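Only one structure is covered here, and it is reproduced in the block below.
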Amino acid sequence: MRRVTLFAAVQVAATLLFVGAPQALAQSVETPASAVPAPAKAQKTKKLAIVLFPRYETLDVFGPVEMWGRLDDYEVVTVSEHGGSVTSAQGIETVTNYSFEDAPQFEIIMIPGGMGTRTEVNNPAMLEFLRNQDKGTEYTTSVCTGSAVLAKAGLLDGHKATSNKMAWKFATSQDDDVLWQSRARWVEDGKYITSSGISAGTDMALGLVAKIDGREKADYVAKTAEYIWNDDPSNDPFAVDEASAN
């Protein structure tokens with residue numbers, strides 16, 4: 001009698017199992033793939049800020065932005081004196097993320113060149129902003145005549161730096177205490193990284209990618225952009241002679 005009872009119990013369990021199986025199978029088939037959440041992207045915890053001003057040079061900004069946008073831990077943002085829209089020398093309007101007043105401390109800052117630097121070297125608000133930010137940056141960088149503004153702010157005193165060779169006298173006249181390098185695609189001296197004219201900023205930007213995320217990452221970024229990277233900072237086809245530098 002005990003064996004019959006056990007057999008009956010097994011039959012009941014088996015019946016319940018097979019009755020429930022089609023329903024469970026149907027639920028798994030009907031669940032769309034879109035309902036499965038995608039793995040969350042790692043949040044970028046640091047900020048790399050491009051400092052904009054009226055008549056900045058467009059390629060000075062967006063060449064580096066193309067490369068820096070792939071950094072693992074850095075969000076690329078923009079900042080300007082008053083916030084809002086800023087127009088480049090080529091007429092491109094960019095809406096900035098921050099003003100000088102509400103900007104947080106940035107881990108990296110970059111100031112581009114352009115005809116607007118002729119005004120910014122005499123803009124106390126710009127110079128003070130750069131000085132204050134520089135106190136807490138990991139890297140302070142520039143493209144083209146952006147180094148003239150860093151120099152005027154006193155940030156490059158005693159450091160090696162370079163600038164646009166077509167505007168060499170303007171840039172170097174801002175501060176005699178800078179160790180100006182007349183033959184350099186870009187120059188690294190401690191946390192200060194300055195590059196030559198316009199397109200050199202993209203080479204410098206890739207150099208910083210290599211410094212932060214490794215050479216393999218920099219090569220990958222250049223390849224995805226179909227960009228031929230001049231990875232030798234001393235390879236400067238636009239260098240000026242020492243007489244012109246002085």
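Side chains included, hydrogens not; waters and symmetry mates left out as well; all remaining heavy atoms used. All values derive from a computational prediction rather than experimental measurement.
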State yes or no: do Val187 and Val209 share one hydrophobic cluster built from I, L, V, M, F, W and Y residues joined by side-chain heavy-atom distances below 4.5 Å, directly or via other members?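 Different clusters.
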Given Asn97 and Val79, is the side chain to side chain contact (heavy atoms under 4.5 Å, CB included) satisfied, shown in steps? CA-CA 6 Å; Asn97 301 99; Val79 59; over 6 Å; no
Quiz: residues 113-120 side-chain donor-acceptor pairs under 3.5 angstrom, not counting sequence neighbours:
residue, atom, partner, partner atom, Å
Thr117, OG1, Gly114, O, 2.8
Thr117, OG1, Thr145, OG1, 3.0
Glu120, OE1, Asn123, ND2, 2.9

Give the intermediate values and the outcome of salt bridge (Lys or Arg N to Asp or Glu O under 4.0 Å) for residues Lys47 and Glu75. CA-CA 5 Å; Lys47 285 182 169 58; Glu75 176 191 7; 3.5 Å; yes
Heavy atoms, side chains only, cut-off 4.5 Å: are Leu130 and Leu150 in contact? yes
With a sphere of 6.0 Å drawn around CG of Asp177, does it hold more than 12 non-hydrogen atoms of other residues, nucleotides or ligands?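 Atom CG in Asp177 is crowded, with more than 12 foreign heavy atoms closer than 6.0 Å.
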Hydrogens and angles aside, do [X] and [Y] bring a side-chain donor and acceptor to less than 3.5 Å of each other?
X: Lys165; Y: Ser182; answer: no
X: Thr140; Y: Thr137; answer: yes
X: Gln90; Y: Tyr56; answer: no
X: Arg183; Y: Ser196; answer: no
X: Tyr220; Y: Asp213; answer: no
X: Gln181; Y: Thr162; answer: no
X: Thr78; Y: Thr96; answer: no

Using 30° and 60° as the class limits, which term best fits the ring planes of His159 and Tyr192: parallel, tilted or perpendicular? tilted
Mark yes or no for whether Arg55, through its side chain, and Thr87, through its backbone, hold a donor-acceptor pair below 3.5 Å.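 It does not hold such a pair.
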Under-4.0 Å salt bridge between Glu188 and Lys211: yes
Is it the case that the ring center of Tyr98 lies less than 6.0 angstrom away from the ring center of Phe106? yes
Check step by step if side chain to side chain contact (heavy atoms under 4.5 Å, CB included) holds for Lys217 and Leu71. CA-CA 9 Å; Lys217 177 66 170 289; Leu71 284 168; 5.8 Å; no
Got a sec, which residues hit salt bridge (charged side-chain N to carboxylate O under 4.0 Å, His left out) with Asp189, two or more places apart in sequence or on another chain? none
Locate the shortest heavy-atom distance separating Pro233 from Trp186; write the atom from each residue and the value. CB-O, 3.3 Å
